[in-house]
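Chain letters run A, B, ... following the sequence lines, proteins first and then strands; every chain starts at 1. The basis for the numbers below is simple: all heavy atoms, side chains too, and nothing from hydrogens, waters or symmetry mates.
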Amino acid sequence: MQPSPAAPPDERTIHRLRFHGDGGELFGIFVVNLLLTLLTLGGYSFWAKVKTRQYLWGQTEFAGDRFGFHGTGKELLLGWVQAAPLFGGLILITSLLLPTLWDDPMTNVVGQLLLAGGFVLLLPLAIIGSMRYRLSRTSWRGIRFNFHGGYRELFGVLLRSFLLTGLTLGLYVPFYQTNLRRFMVEHSRFGSAAPAFYGDGRDLLGRYVLTLLLTIPTVGLIWLWYVAFQRRYYWNQTCLAGARFHCTMTGSGLLGLYAVNLAMIVLSLGLATPWVTVRTRRFDLETLTLQGPLDLDAITQQAQAATPTGEELSGLLDVDALSG
Amino acid sequence: MRYPGNTTTWPGQYFDGRTARRRPVTIVLGPSGLDLCFVDGTGAFWPYGEITQTQGSYQNEPVRLERGGPIPEAVVVEDPAFLDALQRITTNQTRQLAGQTRQFAGPQSRARLARLIALAGAASLAVIAGLILWGIPALTELVTPLIPTSWEIALGDSVAQQLAPDDQRCNDKRLQASVDGILARLAAARPDSPYRFHITIVDGPVFNAFAAPGGQIVIFRAMLQAMETPEELAGVLAHEMQHIERRHAMKALVRDLSIAAIVGAVFGDITGIGALAVTAGRTLTTLHYSRDTESDADREGLALLQAARIDPMGMVRFFETLQQQEGGADLPAYLSTHPNTAQRLAEMKALATATPVPSESLPAEPLPANANWNEVRHLCR
């Protein structure tokens, strides 16, 4: 008897994310990475990054299948070799070369302005580059993710946000965050499947103002509830391949997570970091499901070539595009 | 789930790398490769030499085997016993195919993991200790001489500009001329120095003096006023000049940058060059030296005083003044950057008496500033 190759999709199907990682095993990876990085005076750090990601991705399960990370240490090293001169050159020219050539206090000011300008121009490059790299090296069921966001569009989003946030004395922030989220989500792909995002900053504005007003009376803790609210809102407004994400994260859940994480880190003098990573991943993933008839068979491979330069550039600029 | 009675047949999932479809597959471990049998009756053969294991070497991780590229086909098997069987078959193979060892590896046992962590942890601590005690000092000695003097001077000028802004400087011409005279005497004793020294007097209540790289010395009014004789000033200047001459600030900078680079690399996300810039700024603005470096500058400073035929007891007396202040309620800033006064004083006294130069046959030449020092030192304000 031949079973049918795929069961018909169920309208009420709930697809879960799970994290299977183990703190002890991750600690083992950290310690070995530390040793090899020290022995190579930092050279091994690219391979260390890959080892850690391979573990974290491989321990992440969605709907019964694991994710895969396909980056290599060699390509990250090459990415760094390309990104570092861009970044270092900017600092060198504006902070060292310009003041040496023209001995004038104004040159310092001009140099700092050029440096800031350079960072602003590099920032979108770093965000897009790191999204493209990470997604293109991530797979699930053998299908790669990828990212198609363009520099110009992101630069526009960031510039408009910067100006409007200033003009509205900060009230534009929820709109800015939502626009950035839309840019990130709508340009991401899982194979041929594109997610859709229906978020609107207006839905967050009331909550944002309330949180601002309650910041001082709650010594800032109210922001945990805002972060959870925002996360729920963003995911619940996201659809993929006929299914909708559903996030159940709560402020009290976040408070519990962070309080215990902090205690663990402080009491162990930082040695508990791998266990904290595992707890945090588990919390993030287990509050997120994808609900509905997920039509996977229609999704086809759309692999994208992406260089790791942006990934390393974002490391140098200290932006983490995938946070949140 | 293993098929009973047949340990070489395993259920798995197949992904073709073209769609997200999951296809059940039955895998048979053959002598030279995997036989894949699909439910529709079709099949495939994967020679062991073409297979890469990408997952399954950790606990709780199904075995994932991939073939081809750049986007590979893959089979995933949940049962961890599959890997053992695969290893058994392929180790027989690899005995014939030299150089292909450990193509497939399963998770380590808890005990092995614990041993590995203990071993790697201990080795890491040893490497850190080695780097701090020998590696970084050796690297510093190696790299610092390669830095061009012109860079050092440009850097020092901008540091001095930040620490002593134009509007806080004492601009009294007589005071500056007096102080420059003392400096010139000291500099004349070392004609082959690559640096041209320059003193800036800052009109501030801080009891401090420091040397930026490249020849810039900054001294604060409060310290200048506390000096009873110009020989005391000469002592402090000789000390600071030796910091510059011996490139102590540059060495501290190179040392801190290498530490930051290694720490940055180890902790990955802490940004390499960004952190470096911050470290460099901190090193240069505190200009804080180690005890060894201070002793070094004391010793060489004393030798410089003697070479310039300036009475070294001025330097000693200044340290005695410092020591008296040390007991006081407000610790002068100079002490926080120049620690251990008592010990340094003892060392300097010993040195000054061991080689009594200037001596009776070759007496000290009084400094021209002696004539009106009490007036001159108060000219700033």
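- For the pair A:Gly142 and B:Ile71, the tightest heavy-atom approach, listed with the atom from each and the gap, is O-CG2, 4.0 Å.
- Neither the backbone nor the side chain of B:Ala74 comes within contact range of chain A, judged by heavy atoms closer than 4.5 Å.
- Only the side chain of A:Phe190 comes within contact range of chain B, judged by heavy atoms closer than 4.5 Å.
- For the atom pair B:Ile128 CD1 and A:Leu35 CG, the distance stands at 9.5 Å (nearest 0.5 Å).
- Residues B:Leu116 and A:Val32 form a side-chain contact, since some pair of their non-hydrogen atoms from C-beta on lies under 4.5 Å apart.
- The closest side-chain heavy-atom distance from A:Ile143 to B:Phe15 is not below 4.5 Å.
- Residues A:His20 and B:Glu61 form no side-chain contact, since every pair of their non-hydrogen atoms from C-beta on lies 4.5 Å or further apart.
- The shortest side-chain heavy-atom distance between B:Leu113 and A:Glu25 falls under the 4.5 Å cut-off.
- Nearest heavy-atom pair, A:Arg66 versus B:Pro62, reported as atom, atom and distance to 0.1 Å: CZ-CD, 3.5 Å.
- Side-chain contact between B:Leu131 and A:Leu38 is present, with at least one heavy-atom pair separated by less than 4.5 Å.
- For the atom pair OG1 of B:Thr19 and CG of A:Asp297, the computed distance is 6.5 Å after rounding to the nearest 0.5 Å.
- For the atom pair CZ (A:Phe69) and OG1 (B:Thr54), the distance works out to 13.0 Å, reported to the nearest 0.5 Å.
- If you tally non-hydrogen atom pairs under 4.5 Å between each of A:Ile29, A:Leu36, A:Thr300, A:Asp65 and chain B, the highest count goes to A:Asp65.
- Residue B:Glu66 touches chain A through its side chain alone, counting heavy-atom pairs closer than 4.5 Å.
- A pairwise comparison of heavy atoms in A:Lys51 and B:Tyr58 identifies CD-OH, 4.1 Å as the closest pair.
- When heavy atoms are compared at a cutoff of 4.5 Å, B:Val127 approaches chain A solely by way of its side chain, counted from C-beta outward.
- Interface summary for chain B: among A:Tyr55, A:Phe27, A:Phe30, the most heavy-atom pairs under 4.5 angstrom belong to A:Tyr55.
- When all heavy atoms of A:Ser139 and B:Arg64 are compared, the pair lying nearest together is OG-NH2, 4.4 Å.
- In this structure, B:Gln59 contributes its side chain and A:Gly21 its backbone to no donor-acceptor pair below 3.5 Å.
- By the 4.0 Å N-to-carboxylate-O rule, A:Asp22 lies close enough to B:Arg110 to be salt-bridged with it.
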